[in-house]
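Everything below concerns the one structure shown next.
The basis for the numbers below is simple: all heavy atoms, side chains too, and nothing from hydrogens, waters or symmetry mates. Everything numeric here is computed off the predicted structure, so don't read it as measured data.
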Amino acid sequence: DTAEPTGAIAETGGSKKGDTKVTLNNDDTMGKICTLLWEAKTDKSFKSKATGRVVDDQVKKELNAVIADRSADAAILVLDSEGIDMEAHTPWREYDGNKLLIIVDLYAPETDLIRLAYLWGRWKSRSSIGNLETQIDFDGIRGSFDAMQLRLKDLRNVKKSHIDAIKSIESAGGLLKSF
(Lines give C-alpha, C1' and ligand atoms only; values in the text may rest on other atoms or scores of the structure.)
Protein backbone atom coordinates (compact mmCIF):
# COMPACT_ATOMS: atom_id res chain seq x y z
CA ASP A 1 0.00 0.00 0.00
CA THR A 2 1.11 3.57 -0.55
CA ALA A 3 0.11 6.51 1.60
CA GLU A 4 0.08 10.02 0.22
CA PRO A 5 -0.50 13.17 2.28
CA THR A 6 -3.33 15.03 0.56
CA GLY A 7 -4.56 17.54 3.15
CA ALA A 8 -2.72 20.47 1.58
CA ILE A 9 -3.68 19.56 -2.00
CA ALA A 10 -7.00 20.91 -3.23
CA GLU A 11 -9.20 18.79 -5.45
CA THR A 12 -11.33 20.16 -8.28
CA GLY A 13 -13.55 22.81 -6.73
CA GLY A 14 -10.96 23.81 -4.12
CA SER A 15 -11.82 21.24 -1.44
CA LYS A 16 -9.02 19.92 0.76
CA LYS A 17 -10.95 17.06 2.37
CA GLY A 18 -8.95 13.97 3.29
CA ASP A 19 -5.60 14.20 5.08
CA THR A 20 -4.04 10.98 3.81
CA LYS A 21 -4.95 8.88 0.78
CA VAL A 22 -3.97 5.21 0.90
CA THR A 23 -3.91 3.32 -2.39
CA LEU A 24 -3.95 -0.42 -1.90
CA ASN A 25 -1.24 -2.56 -3.46
CA ASN A 26 -2.22 -3.58 -7.02
CA ASP A 27 -1.10 -7.15 -6.38
CA ASP A 28 -3.71 -7.39 -3.62
CA THR A 29 -6.50 -5.87 -5.74
CA MET A 30 -5.90 -7.73 -9.00
CA GLY A 31 -4.84 -4.49 -10.67
CA LYS A 32 -7.96 -2.53 -9.65
CA ILE A 33 -7.41 0.85 -7.96
CA CYS A 34 -8.78 0.86 -4.41
CA THR A 35 -8.39 3.87 -2.14
CA LEU A 36 -8.95 4.62 1.51
CA LEU A 37 -8.91 8.13 2.98
CA TRP A 38 -8.04 9.24 6.49
CA GLU A 39 -9.28 12.51 7.97
CA ALA A 40 -8.30 13.74 11.44
CA LYS A 41 -10.26 16.38 13.37
CA THR A 42 -10.11 18.10 16.74
CA ASP A 43 -13.06 20.34 15.84
CA LYS A 44 -15.68 21.07 18.49
CA SER A 45 -18.35 21.06 15.75
CA PHE A 46 -18.21 17.24 15.83
CA LYS A 47 -18.96 17.14 19.59
CA SER A 48 -22.15 18.02 21.45
CA LYS A 49 -21.37 20.09 24.54
CA ALA A 50 -24.77 19.29 26.04
CA THR A 51 -24.54 15.47 25.81
CA GLY A 52 -20.79 14.83 25.57
CA ARG A 53 -21.45 12.69 22.51
CA VAL A 54 -20.41 12.85 18.87
CA VAL A 55 -22.67 14.71 16.44
CA ASP A 56 -23.37 11.85 14.00
CA ASP A 57 -24.83 14.08 11.28
CA GLN A 58 -21.65 16.18 11.23
CA VAL A 59 -19.46 13.06 11.07
CA LYS A 60 -21.49 11.57 8.20
CA LYS A 61 -21.40 14.88 6.32
CA GLU A 62 -17.61 15.06 6.68
CA LEU A 63 -17.04 11.43 5.65
CA ASN A 64 -19.38 11.76 2.65
CA ALA A 65 -17.49 14.89 1.54
CA VAL A 66 -14.13 13.12 1.92
CA ILE A 67 -15.29 10.17 -0.21
CA ALA A 68 -16.89 12.40 -2.83
CA ASP A 69 -14.01 14.89 -3.11
CA ARG A 70 -11.25 12.28 -3.37
CA SER A 71 -13.23 9.48 -5.11
CA ALA A 72 -12.39 7.06 -2.32
CA ASP A 73 -13.88 3.65 -1.65
CA ALA A 74 -13.83 4.07 2.14
CA ALA A 75 -13.02 6.78 4.67
CA ILE A 76 -11.96 6.92 8.31
CA LEU A 77 -12.42 9.96 10.54
CA VAL A 78 -10.12 10.13 13.55
CA LEU A 79 -11.55 12.39 16.25
CA ASP A 80 -9.90 13.34 19.54
CA SER A 81 -11.71 12.37 22.75
CA GLU A 82 -11.55 15.80 24.38
CA GLY A 83 -15.06 16.87 25.38
CA ILE A 84 -16.56 13.43 24.67
CA ASP A 85 -17.97 11.29 27.48
CA MET A 86 -16.13 8.06 26.68
CA GLU A 87 -18.18 6.20 29.33
CA ALA A 88 -21.27 6.81 27.20
CA HIS A 89 -19.68 6.64 23.76
CA THR A 90 -17.93 3.84 21.92
CA PRO A 91 -14.55 4.65 20.33
CA TRP A 92 -15.60 2.87 17.11
CA ARG A 93 -18.64 3.69 15.01
CA GLU A 94 -19.37 2.56 11.46
CA TYR A 95 -21.63 4.51 9.08
CA ASP A 96 -23.24 3.27 5.85
CA GLY A 97 -20.83 0.35 5.46
CA ASN A 98 -17.79 2.24 4.15
CA LYS A 99 -17.31 5.07 6.64
CA LEU A 100 -15.76 4.77 10.09
CA LEU A 101 -15.28 7.05 13.08
CA ILE A 102 -12.64 6.25 15.68
CA ILE A 103 -12.15 8.34 18.78
CA VAL A 104 -8.65 8.49 20.23
CA ASP A 105 -7.01 10.16 23.19
CA LEU A 106 -5.08 13.13 21.82
CA TYR A 107 -2.02 12.47 24.01
CA ALA A 108 -2.07 8.67 24.22
CA PRO A 109 -3.76 7.25 21.10
CA GLU A 110 -4.48 3.54 21.24
CA THR A 111 -2.34 2.07 18.46
CA ASP A 112 -4.33 -1.17 18.29
CA LEU A 113 -7.50 0.80 17.55
CA ILE A 114 -5.75 2.70 14.76
CA ARG A 115 -4.27 -0.50 13.33
CA LEU A 116 -7.67 -2.20 13.42
CA ALA A 117 -9.24 0.83 11.69
CA TYR A 118 -6.61 0.57 8.95
CA LEU A 119 -7.38 -3.11 8.42
CA TRP A 120 -11.11 -2.31 8.37
CA GLY A 121 -10.47 0.40 5.77
CA ARG A 122 -8.44 -1.97 3.60
CA TRP A 123 -11.20 -4.56 3.81
CA LYS A 124 -13.94 -2.07 2.92
CA SER A 125 -11.92 -0.49 0.12
CA ARG A 126 -10.97 -3.85 -1.33
CA SER A 127 -14.54 -5.14 -1.14
CA SER A 128 -15.59 -2.30 -3.46
CA ILE A 129 -14.11 -4.20 -6.41
CA GLY A 130 -16.74 -6.92 -6.01
CA ASN A 131 -16.14 -10.48 -7.04
CA LEU A 132 -13.27 -10.71 -9.45
CA GLU A 133 -12.38 -13.94 -11.10
CA THR A 134 -9.45 -15.43 -9.29
CA GLN A 135 -6.63 -16.82 -11.33
CA ILE A 136 -4.38 -19.50 -9.95
CA ASP A 137 -0.69 -19.07 -10.71
CA PHE A 138 0.33 -22.73 -11.01
CA ASP A 139 3.88 -21.87 -12.10
CA GLY A 140 4.25 -19.56 -9.09
CA ILE A 141 2.98 -22.26 -6.73
CA ARG A 142 5.29 -24.85 -8.29
CA GLY A 143 8.21 -22.41 -8.00
CA SER A 144 7.40 -21.80 -4.33
CA PHE A 145 7.37 -25.54 -3.63
CA ASP A 146 10.68 -25.99 -5.46
CA ALA A 147 12.20 -23.16 -3.42
CA MET A 148 10.89 -24.73 -0.19
CA GLN A 149 12.39 -28.09 -1.15
CA LEU A 150 15.77 -26.44 -1.73
CA ARG A 151 15.55 -24.68 1.64
CA LEU A 152 14.67 -27.98 3.35
CA LYS A 153 17.63 -29.65 1.64
CA ASP A 154 19.87 -26.82 2.88
CA LEU A 155 18.46 -27.27 6.39
CA ARG A 156 19.18 -31.04 6.27
CA ASN A 157 22.75 -30.30 5.16
CA VAL A 158 23.24 -27.83 8.02
CA LYS A 159 21.84 -30.34 10.52
CA LYS A 160 24.09 -33.12 9.13
CA SER A 161 27.11 -30.80 9.38
CA HIS A 162 26.26 -30.02 13.02
CA ILE A 163 25.90 -33.71 13.83
CA ASP A 164 29.25 -34.47 12.12
CA ALA A 165 30.90 -31.59 14.03
CA ILE A 166 29.49 -32.85 17.36
CA LYS A 167 30.77 -36.37 16.63
CA SER A 168 34.23 -35.02 15.74
CA ILE A 169 34.38 -32.95 18.93
CA GLU A 170 33.27 -35.93 21.04
CA SER A 171 35.87 -38.12 19.31
CA ALA A 172 38.58 -35.53 19.94
CA GLY A 173 37.44 -35.31 23.59
CA GLY A 174 37.71 -39.09 23.89
CA LEU A 175 41.26 -39.02 22.44
CA LEU A 176 42.29 -36.28 24.87
CA LYS A 177 40.86 -38.26 27.79
CA SER A 178 42.79 -41.40 26.85
CA PHE A 179 45.97 -39.34 26.21
Salt bridge or not between [X] and [Y]? Use side-chain N to carboxylate O under 4.0 Å.
X: K124; Y: D73; answer: no
X: D164; Y: K160; answer: yes
X: D96; Y: K99; answer: yes
X: E62; Y: K60; answer: no

Exam field: side chain R53 to backbone A88, donor-acceptor pair closer than 3.5 Å: yes
Any donor-acceptor N/O pair, S171 side chain to K167 backbone, under 3.5 Å: no
Salt bridge (Lys or Arg N to Asp or Glu O under 4.0 Å): pairs with one or both residues in residues 170-179, sequence neighbours excluded: none
Nearest heavy atoms of V66 and L37, plus distance in Å: CG1-CB, 3.6 Å
Path from W120 to V22 over hydrophobic side-chain contacts below 4.5 Å: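 Linked within one cluster.
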Same apolar cluster (I L V M F W Y, side chains within < 4.5 Å links), W92/L63: no
E94 atom CD, neighbour heavy-atom count above 12 within 6.0 Å: yes
V78, L79, L106 screened by side-chain contact (heavy atoms from CB on, under 4.5 Å) with T42, the one that passes: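 Considering V78, L79, L106, a side-chain contact (heavy atoms from CB on, under 4.5 Å) with T42 is found only for L106.
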The single option from L77, L101, L100 passing side-chain contact (heavy atoms from CB on, under 4.5 Å) against Y95: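 Exactly one pass, corresponding to L101.
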